Every structure is written in structure tokens, then in C-alpha cells.
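Quick notes on the structure that follows.
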Amino acid sequence: MYRIPILQMGQTLLVTIQVDMQDQMALALQDDLATKISNSGAKGVLIDISALEIVDSFVGRMLASISGISRILDATTVVVGMQPAVAITLVELGLSLEGVRTALNVERGMELLAHARKEIALVR
């Protein structure tokens, strides 16, 4: 089975989804990210979905689940590059992706992660 690569850049894990995700691939990504966050101590996860034209309800729930798992493991997740049609479909399906931070592109996503790290550092 194809696994989605997870790259590490400093304290951030980068995931670029280039293929339509099947259910098994989404579950594997969830497990792989949880393990990588735990092992690396990453504080941020950036998931680029700009290549996806379709996101079904299962994949939408998996993105929300990944964000929740990351938060429990002390990392912030930002999903970037969502196509307008994908956003419309998720809303029509009733999936607001509660707790999932989003940004229009990678640059804004990285800024959002940096800002989140600064906020967390001030709290501690």
C-alpha cells in the first residue's frame, strides 16, 4: 500500500497529499503522523491538500481526527490549499472540521503555525 510521505522541517511535519486518499491510506496517515509527532517532538503539522479535488466525509473526519490527535500530542495542525469545491462539499456534508485550523496556502499555514508556537510559549 502507498504511504503518504511525512517530511520534517525543524519542529514542523510537512504532509503533501498528491493522490486521492482511500480510506486505508487515510488511516495509515493518521497512525504515521501520531508516531512521527511522538518520536520527533514536532510542534506543528502542515497538511497540504491542494492537489485534492474531492474529499469525502471519511477523509474529512480523518483530517479532524488527525488534528485532535496532534493537539493531544502537543502539536498544532493546519490544513492548507483547500479547493473551493472541497470546502463547499464539506459544508454540504455537514462537516465543519471543528478544531481544524486552515490557511489558503503553505506560506500562510507556516505563519499560522509560527504564531501558534509563540502563543503557546507565552502561556508556559
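Here the structure is a predicted model, which means the values were calculated and not measured. Here, residue 1 is the first one in the sequence, and each next residue gets the next number.
In this structure, the side-chain contact (heavy atoms from CB on, under 4.5 Å) partners of Leu73, at least two apart in sequence or on a different chain, are Ala34, Ile37, Ile69. The side-chain contact (heavy atoms from CB on, under 4.5 Å) search around Leu93 returns Ser57, Thr89, Leu95, not counting sequence neighbours. Among residues two or more places apart in sequence or in another chain, the side chain to side chain donor-acceptor pair (under 3.5 Å) test is passed with Thr35 by none. Scored by the salt bridge (Lys or Arg N to Asp or Glu O under 4.0 Å) test, Asp20 finds no partners at all (sequence neighbours excluded). Legend: residues meeting side-chain contact (heavy atoms from CB on, under 4.5 Å) with Gln8, ordered by chain and number and at least two apart, are Leu13, Lys36, Ser40. Not a single side chain to side chain donor-acceptor pair (under 3.5 Å) links Gln22 to another residue, sequence neighbours left out. Remark: Asp23 pairs with Asp56, Phe58 by the side-chain contact (heavy atoms from CB on, under 4.5 Å) rule, at least two apart or across chains.
For the side-chain contact (heavy atoms from CB on, under 4.5 Å) criterion with Val15, the lone passing option out of Ile49, Ile66, Val79, Ile47 is Ile47.
The hydrophobic cluster containing Leu14 also includes Leu7, Met9, Leu46, Val78, Val80, Val106, Met110, Leu112, Leu113, under a criterion of side-chain heavy atoms closer than 4.5 Å among ILVMFWY residues, counted directly or through chains of members. Alongside Leu104, the hydrophobic cluster contains no other residue (criterion: ILVMFWY side chains under 4.5 Å). Ile54 belongs to no hydrophobic cluster with other residues, because no ILVMFWY side-chain heavy atom falls under 4.5 Å from its own, directly or through intermediates.
Scanning both residues, Val45 and Ser70, for their nearest heavy atoms gives CG2-OG, 4.0 Å. Contact record, Ala75 with Ala42: CB-O, 3.6 Å, taken as the closest heavy-atom pair.
In the hydrophobic clustering of this structure, Leu52 groups with Tyr2; members are Ile, Leu, Val, Met, Phe, Trp, Tyr whose side-chain heavy atoms approach within less than 4.5 Å, directly or through other members.
Legend: side chain to side chain donor-acceptor pair (under 3.5 Å) pairs involving residues 46-55, not counting sequence neighbours, sorted by first then second residue: Asp48-Ser50. Annotation: side chain to side chain donor-acceptor pair (under 3.5 Å) contacts involving residues 92-101, sequence neighbours excluded, are absent.
Annotation: the span from Leu90 atom CG to Thr102 atom OG1 amounts to 10.5 Å, rounded to 0.5 Å. Interatomic distance, Ser65 OG to Leu97 CG, rounded to the nearest 0.5 Å: 11.5 Å. Atom NZ of Lys43 sits about 3.5 Å away from atom CG of Asp74, to the nearest 0.5 Å. Once rounded to the nearest 0.5 Å, the distance linking CD1 of Ile6 with OG1 of Thr16 reads 11.0 Å.
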